[in-house]
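Worksheet for the structure shown next.
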Protein chains: 2
Amino acid sequence: MGKKKENSTNSINAQYLTECDLTYAVCKIGGRWKLLILCKLEDGKLRFSELRDRISGITERMLTLQLREMEKEGLVKRTVHAQVPPRVDYELTEIVQELIPIWKQLEKWGHKHRKMIQSTEVDD
Amino acid sequence: MGKKKENSTNSINAQYLTECDLTYAVCKIGGRWKLLILCKLEDGKLRFSELRDRISGITERMLTLQLREMEKEGLVKRTVHAQVPPRVDYELTEIVQELIPIWKQLEKWGHKHRKMIQSTEVDD
DNA sequence: CCGTATCCTAAAAGATACTG
DNA sequence: CAGTATCTTTTAGGATACGG
């Protein structure tokens, strides 16, 4: 019904998206690239090409897709400077800045878990 | 080379998995079902059928797959009771319990973000 | 420089039937 | 009860070429 999803990521299913705030949150920042992009913006604005160059392996298509989606969801702010050649930069919104301490903790947890697993598995 | 990945989820790419603790962490708990399952175990042990019944929409295959993977990664503990009919229960490991406060915050953030978005988008 | 448009692949998830 | 085994579908993500 209505509009077909054209090219967005992280849909998962509507069922839990509306029921569960955690599923909802994970969808906002899930997928392969989102947090990676947000991290790069942690220290301030970056332009498209700077992001692309800092995130090894990402294609321009993916970068655009993720940025557009996050813009739509109020996670990043996109600013176009009317000049030639064009200059566009991206920055974190306020609400996503509240996420920073959370992903820091997640990162620490990841580090700890990785160490734990490594000491556990002697063999493959 | 070596062993083929048979049926596991959340592989993403090795590149960031080994470089970035955040990507690593998100992979551990990412995907459609993992956090949903872990949440249910927050209050204590549950058996397979209890989990299945509490998570609407999940198939037995998916539940098994996710549980097995999380067991392998030390996120859940599986206990088989030798009796007929069989009884198997699952519980959180210590390291994943350290994640609980983090996902609580994420949940709160999700709630807040959802409210924000709702008040923003008057139209579709 | 900052993207979009197409086409394509791989991986995650679903349906369904069956088993110790 | 607690799963496996197959098979199919869906969707996230990738390759590449082109455009304002």
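If you're wondering where the values come from, they're calculated on a predicted model, not measured in any experiment.
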- Short side-chain N/O contact from A/Q66 to OP1 or OP2 of D/dG13, under 4.0 Å: yes
- Does B/R78 put a side-chain nitrogen or oxygen below 4.0 Å from OP1 or OP2 of D/dA2? no
Distance in angstrom units between [X] [atom1] and [N] [atom2], rounded:
X	N	atom1	atom2	value
B/E69	D/dT4	CD	P	14 Å
B/L67	D/dG3	CG	P	8 Å
B/I37	C/dA13	CD1	P	10 Å
A/R32	C/dA10	CZ	P	13 Å
A/L63	C/dC2	CG	P	10 Å
B/L65	D/dT6	CG	P	15 Å
A/I58	D/dA15	CD1	P	12 Å
A/Y90	C/dC1	OH	C1'	11 Å

- Side chain A/R61 and base D/dG14 donor-acceptor under 3.5 Å: yes
Taking the side chain of [X] as heavy atoms from C-beta outward, which of [options] is closest to it?
X	options	value
A/P86	D/dG13, C/dC1, D/dA2	C/dC1
B/T59	D/dA15, D/dG13, C/dA15	C/dA15
A/R47	C/dG14, C/dC1, C/dG3	C/dC1
A/E60	D/dG13, C/dT4, C/dA15	C/dT4
B/M62	C/dG3, C/dG14, C/dC1	C/dG14
B/T64	C/dG3, D/dA2, D/dT4	D/dT4

So does [Y] get a backbone contact from the side chain of [X], meaning a donor-acceptor N/O pair under 3.5 Å?
X	Y	result
B/Y16	A/S56	yes
A/E73	A/M70	no
A/Q105	A/P101	yes

- Under 30°, 30 to 60°, or over 60°: which ring-plane class applies to B/H113 and A/Y24, parallel, tilted or perpendicular? tilted
- Query: Which part of the nucleic acid does A/S49 contact within heavy-atom distance under 4.0 Å: base, sugar-phosphate only, or nothing?
  - Reply: sugar-phosphate
- Message: Using a heavy-atom cut-off of 4.0 Å across all strands, would you classify A/R52 as base, sugar-phosphate, or nothing?
- Response: nothing
- Interatomic distance, CD@B/E107 vs OG1@A/T23, rounded to 0.5 Å, equals 8.5 Å
